[in-house]
K.L.:
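Sharing a structure here in structure tokens format.
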Number of protein chains: 2
Amino acid sequence: MPEKKPRPRPPVLVAVDLVILTLRGSSFQVLLIERGNEPFRGSRALPGGFLKRVDEDVYDAALRELQEETDLDGAGLHIEQLGFYGKPDRDPRGRVVSMVYLAIAPGLPEPVAGTDATAAAWTSIDEVLSGRVPLAFDHREILDDAIERARTKLEHTALATAFCAPTFTIAELQRVYEAVWGVELDPRNFYRKVQGVPGFIVSAGAERRVTKGRPARLFHAGQATVLHPPITRPETNR
Amino acid sequence: MPEKKPRPRPPVLVAVDLVILTLRGSSFQVLLIERGNEPFRGSRALPGGFLKRVDEDVYDAALRELQEETDLDGAGLHIEQLGFYGKPDRDPRGRVVSMVYLAIAPGLPEPVAGTDATAAAWTSIDEVLSGRVPLAFDHREILDDAIERARTKLEHTALATAFCAPTFTIAELQRVYEAVWGVELDPRNFYRKVQGVPGFIVSAGAERRVTKGRPARLFHAGQATVLHPPITRPETNR
DNA sequence: CCTTCTTTTTGTCGATCTGACAATAAGAGG
DNA sequence: CCTCTTATTGTCAGATCGACAAAAAGAAGG
């Protein structure tokens, strides 16, 4: 916080960016836009923008960007701070500090085309991590941080339920862990383990939903945010 | 990230604040300054300030503030991002967004008096949490987040070693957990558990250091950053 | 030197948890 | 009714955990 007599404050621009992760089928995906302006015109980038009014809350700005890019209103959607990115040379246009939020959404239909010349599209995480889809600015680094955060929080928080619809089966929850961690889990042990965590998932009546085999019970997210005991990630995969 | 034609950008100031936590004896403490200027003149606050130059890295600014307030040069010291705080009304002087870092230091001697009319002092966490020491701005909220972060990270990262000198005993490490969590732990089980985590602590020769009872072996931090298995917090204490 | 006290380190034991994997249950589709 | 697929319940040996005993290694005092 400030002290001293009024000094000239460096002109720094504050941006708000979003990493929106989802699961479509068994594919771990992120929402990217195609930039319509320089710099990095034509490149993929994370959705985001600057504060609109001087009194706009940073969190509200994130919700606004979210709604501009997707048709999500943020209700029931998981949003948390990821961090800030403020290297002096990260934007060639000048000094820009980005406040980045991480949002987790259940599998959604095709994204809405953005306002102007921007087109939003779900992109496979693998496509980005392999380098086939290069990202503008330092957004690759930001995405790496977001993925690492999601992988870690899956272990000891109820974050996995944010990838699921309001009601889901245990097998669907397992697919979240498998897709985000990139591993295969034993359904029997996963079933037992998940049910053993108090407050993680609660039965949603005796309902059922069908695909091919035996009908599965439906659950919804419990009130627990931290998992005791945690769902541990197999050590073979990092 | 930005799009569109050049628009007027809201004048937002970027501040950098620090939560510096340490352990002095068995007391969990935070470094606070006494504000020498309005607003909140005379109140306690977290150390921090604005970027000095337009091309100053945010992280470098945090290191600079750290050195101005303590005589630490950041070497061997744990520093991580805590988050950003950007509510529109958090600073009566105008729109200020704070980027906050969390620093963990081993028990240090008395802090250095700050530059101008500011005095830095270690303050017991309990004094602040109980409300006996009110903080300026939204710094109470920031400190709450920092403490929560430290408590959680103690469980599954090697953060506890950042509270210790380069070389330490297992009993000293235990005191870190006990002070930060506010619990008592069984020395026998703690000893066994800590040694069972690969890469957490490594023996520092057959050295020893004395107080009263049997001499203890010395260790230093291993290369592990995440703990497998984690050091679980007793459920009695939250 | 011997006894007492303190703190560290090594064990022990039963309850619990975990991972590998068998077996059963409940439909769908012929 | 038979087969195929997926969900759910069991089983079992090895690992882990919390509570607690016991041994080890000095310091302090007589």
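Heavy-atom basis, side chains included; hydrogens, waters and symmetry copies ignored. We name chains A, B, ... by the order of the sequence lines, and we start the count at 1 in each one. Remember, predicted model here, so these are calculated numbers, not experimental data.
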K.L.:
Under the side chain to side chain donor-acceptor pair (under 3.5 Å) test, which residues partner A:Asp60, sequence neighbours left out?
P.N.:
none

K.L.:
Under the side chain to side chain donor-acceptor pair (under 3.5 Å) test, which residues partner A:Asp144, sequence neighbours left out?
P.N.:
A:Arg140

K.L.:
With sequence neighbours excluded, tell me which residues meet side-chain contact (heavy atoms from CB on, under 4.5 Å) with A:Ser43.
P.N.:
A:Phe40, A:Ala136

K.L.:
For B:His78, give me all partners under ring pair (Phe, Tyr, Trp, His ring centres under 6.0 Å), at least two apart in sequence or on another chain.
P.N.:
none

K.L.:
Separation of B:Ile231 atom CD1 from D:dG18 atom C1', in whole Å?
P.N.:
14 Å

K.L.:
I'd like to check the side chain to side chain donor-acceptor pair (under 3.5 Å) partners of B:Glu172; sequence neighbours left out, ordered by chain and number.
P.N.:
B:Arg209

K.L.:
Could you tell me from which nucleotide to which nucleotide of DNA chain C, 5' to 3', there is an atom under 4.0 Å from chain B heavy atoms?
P.N.:
C:dT6 to C:dG11

K.L.:
Starting at atom CG of B:Leu185, determine the distance to atom C1' of D:dA19, rounded to an integer number of angstrom.
P.N.:
14 Å

K.L.:
So if I define the base as every atom that isn't primed, P, OP1 or OP2, how would nucleotides 6-13 of chain D read as a B/S/- string at a heavy-atom cutoff under 4.0 Å?
P.N.:
BBBBB---

K.L.:
For B:Glu155, which residues count as a side chain to side chain donor-acceptor pair (under 3.5 Å) partner, sequence neighbours excluded?
P.N.:
none

K.L.:
Which residues pass the side-chain contact (heavy atoms from CB on, under 4.5 Å) test with A:Ser203, not counting sequence neighbours?
P.N.:
A:Phe219

K.L.:
If we count only N and O atoms by modelled type, under 3.5 Å, do the side chains of A:Asp17 and A:Tyr101 hold a donor and an acceptor together?
P.N.:
no

